Amino acid sequence: TVALSICCFLTKGVGAHMLTSGALPLYKDVYFVSNARYQAFTTLLDLGWAAKPIVGISTDLVLFRGEHKRGWLVVAVLTSVMFSLVFVVLPVPGSAKEAADRS
């Protein structure tokens, strides 16, 4: 129970705070996103929490590769890694121009 509490604190508490506090400067200063688009993006991010009860019930009812939770957990982790890699390789607007100006 202690390990689960620490895991939840680190992922839902510290991790969520780091992501949300770094998102606004990233979108506004690096990607030059308007306030309205930033609100739309954060709304899309919050939809995951709204869908959590439905996902929880469906993973309890539907077997994936013979198990209830483990298969769905693997799919969730792989999907998260895939989208994280896509986000990392997104081009930063103006970075090529700035690099050319420096040289």
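These figures come from a predicted structure and were not determined experimentally.
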For the atom pair OH (Tyr27) and OG1 (Thr42), what is the distance rounded to the nearest 0.5 Å? 9.0 Å

Please confirm whether the backbone N or O of Val55 pairs with a side-chain atom of Trp72, one donor and one acceptor, at under 3.5 Å? no

Assigning hydrophobic clusters by single linkage (Ile, Leu, Val, Met, Phe, Trp, Tyr; side-chain heavy-atom cutoff under 4.5 Å), is Val30 placed with Val33? yes

Once rounded to the nearest 0.5 Å, what's the spacing between atom CG of Leu73 and atom OG1 of Thr59? 10.0 Å

Do Leu85 and Val89 make a side-chain contact, defined as non-hydrogen atoms from C-beta onward lying under 4.5 Å apart? no

Exercise: identify the closest heavy-atom pair between Pro25 and Ser21: CD-O, 3.5 Å

Do Leu44 and Tyr38 land in one hydrophobic cluster if side-chain heavy atoms of ILVMFWY residues count as linked below 4.5 Å? no

